[in-house]
Undergrad: 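What follows is a single structure, and I will ask about it in a moment.
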Amino acid sequence: MRLDVIKNARLYVSISSVVILAGLAAMVISFQQLGSPLRLGIDFTGGSSITLGLACDSTNNCGKKIDVGVVRQAIESKGFVNSVIQSVEGKDLKGVSVRTARLTTEQRENLRSVLTDTLKQYGEIDPKKSQIDEVGPSIGQQALSNGLLALAISFAGIGIFLAFRFQLDYASFAIIALFHDIFVTAGIFSILGLTLGVEIDSLFIVAMLTICGFSVNDTVVIYDRIRENVKIDAGATKFNELVNASINQTLGRSMNTTLTSTLPLIAIFLFGGATLRFFSLALIIGFLSGVYSSIFNASIFLAWWRSRQTPKISQQPLESN
């Protein structure tokens, strides 16, 4: 079956517009209620951090491996939800670290007591390897600023690369497609934050950077095929038709790449534990949005723009710099 992207272009762009507008609306509501477009986790807002280490014997045997799931269930049953729990292991160290929202002195002691009781099955707590820290909001805000700066630098680098590899209009529409993927992913997480209390952490920034790389790769593949077809056609066919042909020629590759990348992420989302669940969900949303934007946004906008410039591609040849 041949996909006629240009014929149904307005429908595909409208779908993207509706999803992005819904996400933007959620961001506005979230900003009014929470003070930020997305519900920020303790990585960005600061909070309390408690680390408890187990006492090892003379042979540095620290006992059996700590089940983070058991620890999570124990502390959440006491009301400490949305905590970041990590197993801490080293040469002569085994324990657990819990980061949660800012706690009062009484709450910290309650959490410490719960953790101590839960870890008894794994060994005795070593006070010398245990500590309680407070992470200030300024450190969290700096982490958020650094993450956003990393995103901005990646966008700039991708834009410069595409401008040299293709032409400025190609690069511009590829960047628009990247913005599409970022806004779709962020918008859905904003909705999840309002409805389900889902918070974003530093892994969310990592997911965004990964999405940028994946999405632009798909766009480059389609753009490369368009350029090849333009050279082969030598101006005999309208640019819109060349875009349609190029999309259909690369469609199988795009779908297969997205499928093989998404299936492991679905497995991580279902079975990978709470720490990686929303990281994998962000990647799933971003990868699906990326293949959609490459096919139905970047290509369509390029076809519309070139059609406005000239009815025949021969009058506007495409050359690689």
Side-chain angles (χ1 to χ4, degrees), residues 3 5 9 12-24 27 38 147-190 200 203-227 243 246-266 268-269 278-305:
L3 184 64
V5 174
Y12 299 132
V13 174
S14 296
I15 293 173
S16 293
S17 300
V18 169
V19 174
I20 290 175
L21 288 175
L24 290 175
M27 290 182 193
L38 288 84
L148 295 177
L149 177 61
L151 274 175
I153 292 175
S154 68
F155 267 73
I158 290 171
I160 294 172
F161 165 75
L162 292 176
F164 277 97
R165 181 177 177 86
F166 298 100
Q167 287 184 348
L168 185 59
D169 54 352
Y170 277 60
S172 300
F173 295 126
I175 293 297
I176 290 175
L178 285 182
F179 274 111
H180 168 279
D181 305 334
I182 295 300
F183 276 116
V184 166
T185 307
I188 291 177
F189 266 78
S190 181
I200 65 166
L203 285 178
F204 185 78
I205 302 296
V206 177
M208 288 294 197
L209 292 170
T210 307
I211 289 167
C212 288
F214 181 89
S215 177
V216 77
N217 176 69
D218 230 2
T219 304
V220 166
V221 169
I222 296 175
Y223 278 0
D224 266 333
R225 185 55 58 90
I226 292 174
R227 180 171 59 181
V243 169
S246 301
I247 290 174
N248 280 276
Q249 291 166 8
T250 58
L251 186 61
R253 179 194 181 282
S254 297
M255 294 300 182
N256 290 334
T257 301
T258 303
L259 181 63
T260 54
S261 301
T262 304
L263 287 178
L265 293 173
I266 294 175
I268 294 174
F269 176 77
F278 293 111
F279 170 69
S280 59
L281 179 60
L283 289 178
I284 291 170
I285 295 171
F287 283 8
L288 294 178
S289 175
V291 70
Y292 185 93
S293 66
S294 296
I295 297 172
F296 300 114
N297 290 152
S299 301
I300 287 175
F301 291 148
L302 179 63
W304 281 351
W305 173 258

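As a basis for the values below, the full set of heavy atoms in this structure was taken, side chains included, without hydrogen atoms, waters or symmetry mates.
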Undergrad: Can you find a heavy atom in the side chain of L265 that is under 4.5 Å from one in the side chain of F269?
TA: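 No, side chains not in contact.
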Undergrad: Starting at NE2 of H180, measure out to CG of N297 and round the result to the nearest 0.5 Å.
TA: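 Nearest 0.5 Å value for the NE2-CG distance: 4.5 Å.
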Undergrad: Applying side-chain hydrogen bond (donor to acceptor under 3.5 Å, both in side chains), can you list everything that pairs with S293, at least two apart in sequence or on another chain?
TA: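 For S293 the side-chain hydrogen bond (donor to acceptor under 3.5 Å, both in side chains) partners, ignoring immediate neighbours, are D181.
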Undergrad: Would you say I300 and W304 make side-chain contact, with heavy atoms under 4.5 Å?
TA: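 With C-beta onward as the side chain, the pair touches.
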Undergrad: Is there a side-chain contact between V5 and V243 (heavy atoms, below 4.5 Å)?
TA: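 Heavy-atom side-chain distance check fails, nothing below 4.5 Å.
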Undergrad: Could you list the residues that satisfy side-chain contact (heavy atoms from CB on, under 4.5 Å) with L168, not counting sequence neighbours?
TA: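 For L168, the residues satisfying side-chain contact (heavy atoms from CB on, under 4.5 Å) (neighbours in sequence not counted) are S172.
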Undergrad: Among residues at least two apart in sequence or on other chains, which ones pass side-chain contact (heavy atoms from CB on, under 4.5 Å) with F155?
TA: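 For F155 the side-chain contact (heavy atoms from CB on, under 4.5 Å) partners, ignoring immediate neighbours, are I175, L178, F179, I182, C212.
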Undergrad: Compare all side-chain heavy atoms of F278 with those of I200 and state whether any distance is below 4.5 angstrom.
TA: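 No - every pair of side-chain heavy atoms lies 4.5 Å or more apart.
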Undergrad: Run the side-chain contact (heavy atoms from CB on, under 4.5 Å) check on F296 and I15 step by step: do they pass?
TA: CA-CA 10 Å; F296 300 114; I15 293 173; over 6 Å; no
Undergrad: Identify, with sequence neighbours excluded, every residue that meets ring-ring contact (aromatic ring centres under 6.0 Å, His included) alongside F183.
TA: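 Not a single residue meets the ring-ring contact (aromatic ring centres under 6.0 Å, His included) criterion with F183.
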Undergrad: Tell me the closest heavy-atom pair linking G286 and T185, and the distance in Å.
TA: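 Nearest heavy atoms, G286 then T185: CA-OG1, 3.5 Å.
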Undergrad: State which residues pass side-chain contact (heavy atoms from CB on, under 4.5 Å) with T262; sequence neighbours excluded, sorted by chain then number.
TA: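 Partners of T262 under the side-chain contact (heavy atoms from CB on, under 4.5 Å) test: T258, I266, I284, F287, L288.
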Undergrad: Looking only at non-hydrogen atoms, find the nearest pair between A282 and I211 and report the distance.
TA: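 The pair with the smallest heavy-atom distance is O-CD1, 3.4 Å.
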Undergrad: Which heavy atom of A177 sits nearest a heavy atom of A298, and at what distance?
TA: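 Closest approach of A177 to A298, heavy atoms only: CB-CB, 4.0 Å.
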Undergrad: Heavy atoms, side chains only, cut-off 4.5 Å: are Y170 and I226 in contact?
TA: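 A side-chain contact exists here, since the closest heavy-atom pair is under 4.5 Å.
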Undergrad: How would you list, by chain and number, every residue that makes a ring-ring contact (aromatic ring centres under 6.0 Å, His included) with F279, sequence neighbours excluded?
TA: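 For F279, no residue satisfies ring-ring contact (aromatic ring centres under 6.0 Å, His included) once neighbours in sequence are set aside.
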Undergrad: Which residues pass the side-chain hydrogen bond (donor to acceptor under 3.5 Å, both in side chains) test with D218, sequence neighbours left out?
TA: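 By the side-chain hydrogen bond (donor to acceptor under 3.5 Å, both in side chains) rule, D218 matches S254.
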Undergrad: How close do A150 and L209 get, heavy atom to heavy atom, and via which atoms?
TA: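 For A150 versus L209, the nearest heavy atoms are O-CD2, 3.8 Å.
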Undergrad: Specify the closest pair of heavy atoms between L38 and A186, including all atoms of both residues, with the distance to one decimal.
TA: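 Distance-wise, the nearest heavy atoms are CD2-O, 3.7 Å.
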Undergrad: With sequence neighbours excluded, what pairs up with D224 under the side-chain hydrogen bond (donor to acceptor under 3.5 Å, both in side chains) test?
TA: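 Partners of D224 by the side-chain hydrogen bond (donor to acceptor under 3.5 Å, both in side chains) criterion, ordered by chain and then number, come out as R165, R227.
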Undergrad: Any donor and acceptor pair, going by atom type alone, linking the side chain of N217 with main-chain N or O of G213 inside 3.5 Å?
TA: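 It does not hold such a pair.
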Undergrad: Could you measure the distance from the CG atom of L251 to the OG atom of S246? Nearest 0.5 Å is fine.
TA: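 With rounding to 0.5 Å, CG (L251) is 12.0 Å from OG (S246).
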Undergrad: Got I295 and Y12 here, is their nearest side-chain heavy-atom distance under 4.5 Å?
TA: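 They are not in side-chain contact.
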Undergrad: Among all residues two or more places apart in sequence or in another chain, which pass the side-chain contact (heavy atoms from CB on, under 4.5 Å) test with I153?
TA: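 If we apply the side-chain contact (heavy atoms from CB on, under 4.5 Å) test to I153, skipping adjacent residues, the hits are L149.
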Undergrad: Do I285 and F189 have side chains that approach each other closer than 4.5 Å (heavy atoms only, starting at C-beta)?
TA: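 Yes; the side chains approach each other to less than 4.5 Å.
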Undergrad: Check whether S294 reaches the backbone of I222 with its side chain - one donor and one acceptor, N or O, closer than 3.5 Å.
TA: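 Such a contact is absent between S294 side chain and I222 backbone.
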